[in-house]
Every structure is written in structure tokens, then in C-alpha cells.
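Working notes, structure below.
Just so you know, ligand 1 is whichever comes first in the structure, and atom 1 is the first atom listed for that ligand.
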Amino acid sequence: MPLNACELEIDLFCRGLRVPPYVSLEGARGISRTRAGLGSGLEIAIPTGSWLKPEIWMNVPVVESFAARSPYVLRGSLAAGYSIDDDRGLARYPVRLPREPVWYHRQTSRDVEMSKIGVLQGTYLGIYINPVCAFWNYKPALNCRFCTTGRNVGDADAAFKTVDDVVETCHAAKDESGVTFVHFNGGFQGSRGLRAAEPYVRAVKENVGLLVGLQLTPERDFGGYDRLIDLGVDHFSFCLELFDPEWFARICPGKARTLGQDLFLDAMDYCASRLPRGAVSGEIIAGLEPVEQTLDAIERIASAGAFPTVCVFRPTIGSDMEDWPPPEPEDIRRVLTAVYDACRRHRVPIGLAPNIEVSLVVNPDDAALLARRTPAMLAYEVWRRVLRVAARPVFGRRMRPVPR
Ligand code: SF4
């Protein structure tokens, strides 16, 4: 039986994809090692053939060693179209390789290549705004063990980004790639990260008019979140990563030692109480701790009115975990089925904002394709669609520049 698009997405995250040397990727987005190294794969869009959503975007592992053993192989060309073939003779799946935007190679007015300021990850623009995450500066380093940010910033990514560089890149991404959302990320910056993000948020809201998300480690002074909400931040995400305290301390030593799990959850709860339902997310990595713990994390996040985003563990080259095995697809299916189910039961309105498809994680609404078609599921889908239409004018207003 062929897999549906979400099942294929999960299988590809867990098994990777082979790209034979004779298959040309010319014109496709380059493989960019930015943002925890998770952008190290090939961006693809999988048509679903389903009324639930037309396409699933993902970033498929292609360079890690496990991908060389994958049963999946990319075939075709830009002219003829691409497919992913299952070499066990099971199926052929048509896919689309999103084009690399022209603005990637344009310079900002300070002569920085725009792709060193930000890159598309799915349909949104991802920008790492701060100096390298401070967990990398400890001796020995306290970085999260799956992460490679400390090895990417200043290499694939410009080490310092001026507000003007960011604004110019956001303009290009909005005007030429139809981007609606910019996601600022910055790792651990002590108690200064939120404050440092303010000028970027203010400038994008005033000059460009995009939805803005922020992902930093949590800070104890929640007044920082209030200030950013006043500036117009639309979304906060909190990378809890692991729910089991021992796994959390083992894989994320810096977060465990300096912040603690409770601060992630408290900050998430606070922001969820201040923003509309579904505007906050809790990010977890699936495929490391026992599945039961991941399911508990999903329930905890959704019960706060936030949505869980699941990052399928990738043993990224150059990370401390590059020799670890990737997860089993069956475990990840269980996790994703639970994400959708928890969002439905807790009435978290997923997939409302226009044109935000995230390729590095599994979007919660991708997992609708895994759900059983019960009356409760269908009622949730109708509710989501009604809300999406009702929310259009609100998002339209929030995507207009607001000079102050
Ligand atoms: S907080 Fe962890 S995952 Fe995030 S940038 Fe720092 S080391 Fe990497």
C-alpha cells in the first residue's frame, strides 16, 4: 500500500533520501546548514491529493550517513518533474523541489549576501538574530547535544546582523517569495535575549509588515514578553525538547543547568495566557526519550492552549550525536497522531495563519492525514476552516506595516 503524504513525510524524516549524482538539483534550494543544523537537508513539497491540505513541506535528510541506506531515491529533473521512488518496488511519489529565490544571492546595502541573513525554511523566513548561543561559550560547552548552531553562525550565517540588513532581507522575501512570516531565533543569551530582539521586531513591524515569531530560551522576567507583545510579536515558541528530566539534563545540559524545564513551561503558559489561542508553541524532539514521555509533553503543551511542534530527531553531521540512530517511523507516527488528537481535544486552532508551512518540523495540521475520520475529527476540521476565514482580516491587518 502506498503511504499517504504525512506517512511519507515521517518515513523520509526517519530514513532519509538518496540523491544520485546524475539527478540534477540545479535551481533547487541549496542545502544550508543553519539553525541547529536542521536545515541540512533538501527542501521538498509533497502533494497530498487530500482535501485536508494540498501540500506538505519538509526538509529531507540527504547528507547524514543513514540517508545513504534509505530505500527512497530521488529521480527526475526540473523539466520532467521529480519523484521519490521506493526502491523496494512499493511506490513512486511525485514531489516538487521549491526553487531557490533570486534574492538569496543579492547583497544588502551593507554588502552582505541576503542568504547569510535569512533563509526560507518551508514557506517562511528564518533568521538567527543574536550572537552565537552562549551555551557554546562554556568550557566545556553546554550546547544541546543535537545542535550545530555554534558551528554554523559566522560560517553559513553572518555572525552579526544589523537591523537594516534584516529589514532589507525581509522586504525581498515578502515581495519576491510571498513570505508572510519571519521567525527570529537566537538560542541562549542569558537575560538579554528578549531585549536584543526588540529592535528587529520593531523594525519589521514598522517597515515591512510581516507576522513575527520569536524563539529564544525563556527568561525569568516575563516583562520582556509583555514588551514584545506590545511591539506586535505574533508567535513565541519554546524549545522544551524533552519531557523526561533525566533525558533533558543529558541532551540539553545548558538548558537544564541554567534554566530548568519549569521555566520553559511557565514562560510558555504565560505567553499562551497573553496571546490568542494557538499563537504559542512548545517544541519537542521525538525519537530520543521513550515515546510515552513525548506523549506526556504533547498533552502538557496542548492543555495550555499552545500547539506542539515535533522535530524528528536528526543525527546531524558535526553534532555531538551524529553517530546516533534516527528514530523508528512507527514511533513517530504514534507521536504525530497524538499531536493532532491533542490539538483537536483541546481546541487549539492549528494552521490558521496564511501561508506558513514549516519544513524543519512536522506541522500539526500535516498530521490530520493520520487521523481516523470520526465525527469529532470532521467537526474539528470544519471549525478550523470557519476560524481560518474569520481570522483573515485580522492577519491582513497584522501584515501591514505600522509606522509609529
Ligand atoms: S539553546 Fe541549544 S538548540 Fe538552541 S542554539 Fe543553543 S545549543 Fe543550540
Legend entry - Numbered atoms of ligand 1 (with element) below 4.0 Å of C133, judged on heavy atoms: 1 (S), 5 (S), 6 (Fe), 7 (S)
Legend entry - Neighbour count >12 (heavy atoms, 6.0 Å) for atom CZ, R88: yes
Legend entry - Side chains of D85 and Y72, donor plus acceptor under 3.5 Å: no
Inset, instruction - Number the atoms of ligand 1 from 1 as they appear, then name those within less than 4.0 Å of a heavy atom of K255, with their elements. - result: 1 (S)
Inset, instruction - Pull out every atom of ligand 1 sitting under 4.0 Å from any heavy atom of F135, numbered as shown with elements. - result: 1 (S), 6 (Fe)
Legend entry - Check: F307 ring centroid to H346 ring centroid under 6.0 Å: no
Inset, instruction - Please check if the distance between the ring centroids of Y225 and F236 is under 6.0 Å. - result: yes
Inset, instruction - Would you check if atom 2 (Fe) of ligand 1 lies under 2.8 Å from any N, O or S atom of C147? - result: no
Legend entry - Proximal ligand 1 atoms for W136, defined as those under 4.0 Å from one of its heavy atoms: 7 (S)
Legend entry - Ring centres under 6.0 angstrom apart (F264, F238): no
